[in-house]
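Data first, discussion second: the structure below is written as structure tokens.
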Number of protein chains: 2
Amino acid sequence: MAKASPLLKDELDIVIPTIRNLDFLEMWRPFFEPYHLIIVQDGDPSKVIKVPQGFDYELYNRNDINKILGPKASCISFKDSACRCFGYMVSKKKYIYTIDDDCFVAKDPSGKEINALEQHIKNLLCPSTPFFFNTLYDPYRDGADFVRGYPFSLREGVPTAVSHGLWLNIPDYDAPTQLVKPLERNTRYVDAVMTIPKGTLFPMCGMNLAFDRELIGPAMYFGLMGDGQPIGRYDDMWAGWCIKVICDHLGLGVKTGLPYIWHSKASNPFVNLKKEYKGIYWQEELIPFFQSVALPKDCTSVQKCYLQLSKQVKAKLGNVDDYFNKLADAMITWIEAWDELNPSTTTAAKLSNGSSK
Amino acid sequence: MAKASPLLKDELDIVIPTIRNLDFLEMWRPFFEPYHLIIVQDGDPSKVIKVPQGFDYELYNRNDINKILGPKASCISFKDSACRCFGYMVSKKKYIYTIDDDCFVAKDPSGKEINALEQHIKNLLCPSTPFFFNTLYDPYRDGADFVRGYPFSLREGVPTAVSHGLWLNIPDYDAPTQLVKPLERNTRYVDAVMTIPKGTLFPMCGMNLAFDRELIGPAMYFGLMGDGQPIGRYDDMWAGWCIKVICDHLGLGVKTGLPYIWHSKASNPFVNLKKEYKGIYWQEELIPFFQSVALPKDCTSVQKCYLQLSKQVKAKLGNVDDYFNKLADAMITWIEAWDELNPSTTTAAKLSNGSSK
């Protein structure tokens, strides 16, 4: 019997940030091998990263990033997995799936191996429902629907821009929680996908994440982290807050829940604490900021929204720490670099803005 | 070995609206027998409702309701399960659990019978987190916590006012969906409890519902439905929209998810369509109304919030249909009746308002 062709085979890139040989791909071979990989090598560019045979990939180290972006390479973090967003920028595909190299294939409660990528694609290809909560979760799933009392005018949903997957085994805790609960493991398989409602922020983890580059790519910037920066481990959080307010503004959906991956090893909580501690108190000002961000009506493209957001970051967070002035500048550089590498999408965005006037 | 005493045994009433003998209680005996039942008999008051031996209960039929409330009995629906809210009013306990008489004990995936009441009590006794989404669902549950990026200042949560449980087997669909999918059954057990975020409305079903009377009781009015009214099957929905905007205003939490009950029989979709059809189009105006309701700061008690809401219903929905003028008046009558039957909570509310000035 012929196998069905893998979903979106030619329309999706898998982005993997790494500093080591990619042996973890062996376990993913049945699911990832048909797809193209973009490997972003962090740290020492002279180190050779081994990729298991049979995978189709391109690999970028720091030298490549500097060569391609020139002075604009300053917006790409170094010695931090935030560097992965360079992969989003150089991709030419409509969809991205990004995964950490310490994530393995999880099993569902029946013992079956979970094809995480396939579930992400399903999530992205089916609409979101951000305007009203459905108590039976994803109403488009087999065996589910909209429940009594769900307005019919909202049942078409909106396009899904982001699919946020979860983790069995090692949960994604901050350093203080890791320190307090070193033995806690996530063993609960929650069989649900849901839309995060409009107006609600969430902590987006970059470990197991998929998105539609055309819908939200230019906002998926993982900020300035790691080498030379006062903070780490807030790259995905920052991106998550930015994409959420922009998705809310543009009427796009963000889903969370399935699929699970198996997260194999906890990072060192002491090292994490050092990276995180400024974020832990800055965050108390960041959340109210993002909760109150209002984007003007004429921000009709992701780029316009993102540049507007960078202005507000400078105006309202610059006094929290000078870091946010640097970050606001880097957000602009990121958009410039994105547009340089993606001239067609820029044109498309401009055209669609033009026609909406 | 001595059994642990049932949780909140003397602080919770179980409210059951019915028109038939309560044989369904046999299945619930191990879980419900320690608690006090308030049975609200709908329809012909001369009919005798049999309650299985051993249960401690009080029963009210229409004659009792008329006797107790006098002219104010007009706010209690007749020939509709909305009459159940009379039970909320006459209870003297802090907590209410309400369940329909076609709901049976469900089993979890391991085959164990689910003590729905116990799970509701757990939900009510542990805080809610309406201001920020936690991707691992209820952070207070065993084996879970707040994930990285969740602001520490929000980790205490807020008091939980409402626990909304779900249904296996027959899902709670509207008439059109019932007609289109007559054979659909809910077989998916989603092992999660979550807080419905602030600012998000949801379709609250009254089949399997618990709440804290002291925190939200006076807003748990199921409206005017059934006999003499142009609409049915929107009683719980109406209550759900009202309690949600009031909980959001007062900083209280609403949870949904576990526990499941087994919903045994679908109501007749043709009869339902007749009851619902006005609601189906009115709803398209009700949702934007509730999404934009703003309660003034001086609404510091549930009663004040509810009276304010009734004013806005009259002002903004009165032109949709004259029914909403009647409903707005009934909302006032309901509060008057509530305060008459619950003088101590009224005093408490007044005292707490006074002290907050």
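Here is the naming used below: chain letters follow the sequence lines, and residue numbers restart at 1 for every chain. The analysis underlying the following values was restricted to heavy atoms, covering all of them including side chains, and did not include hydrogens, waters or symmetry mates.
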Exercise: identify the closest heavy-atom pair between [X] and [Y]:
{"X": "B/Gln283", "Y": "A/Phe152", "value": "NE2-N, 4.2 Å"}
{"X": "A/Arg188", "Y": "B/Asp142", "value": "NH2-O, 3.0 Å"}
{"X": "A/Phe132", "Y": "B/Trp241", "value": "CZ-NE1, 3.6 Å"}

Original post:
Any sub-3.5 Å donor-acceptor pair from A/Tyr150's side-chain atoms to B/Pro203's backbone N or O?
Top reply: no

Original post:
Judged by atom type as modelled, is there a donor-acceptor pair below 3.5 Å linking the side chain of B/Tyr173 to the main-chain atoms of A/Phe146?
Top reply: no

Original post:
Highest number of heavy-atom pairs under 4.5 Å with chain A: which of B/Asn186, B/Leu286, B/Leu166, B/Thr256?
Top reply: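 Heavy-atom pairs under 4.5 Å are most numerous for B/Leu166.
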
How many angstroms lie between [atom1] in [X] and [atom2] in [Y], if you round to the nearest 0.5 Å?
{"X": "B/Thr200", "Y": "A/Lys198", "atom1": "OG1", "atom2": "NZ", "result": "10.5 Å"}
{"X": "A/Asp145", "Y": "B/Glu184", "atom1": "CG", "atom2": "CD", "result": "6.0 Å"}
{"X": "B/Met237", "Y": "A/Arg148", "atom1": "CE", "atom2": "CZ", "result": "3.5 Å"}

**OP:** Show your working on side-chain contact (heavy atoms from CB on, under 4.5 Å) between B/Leu136 and A/Trp167 and close with a plain yes or no.
**Re:** CA-CA 9 Å; B/Leu136 289 184; A/Trp167 346 274; 3.7 Å; yes

Heavy-atom contact with chain B under 4.5 Å, split by part of [X]:
{"X": "A/Pro176", "result": "side chain"}
{"X": "A/Gln178", "result": "neither"}
{"X": "A/Thr177", "result": "side chain"}
{"X": "A/Asn272", "result": "neither"}
{"X": "A/Arg185", "result": "backbone"}
{"X": "A/Tyr281", "result": "neither"}

Original post:
Are any of the side-chain heavy atoms of A/Leu201 and B/Phe133 separated by less than 4.5 Å?
Top reply: no

**OP:** Just do the side-chain contact (heavy atoms from CB on, under 4.5 Å) check on A/Asp191 and B/Tyr189 with the steps written out, would you?
**Re:** CA-CA 7 Å; A/Asp191 187 12; B/Tyr189 182 93; over 6 Å; no

**OP:** Look at A/Arg155 together with B/Asp174 and state whether they make a salt bridge at an N to O cut-off of under 4.0 Å.
**Re:**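 Salt bridge between A/Arg155 and B/Asp174, a charged N being under 4.0 Å from a carboxylate O: yes.
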
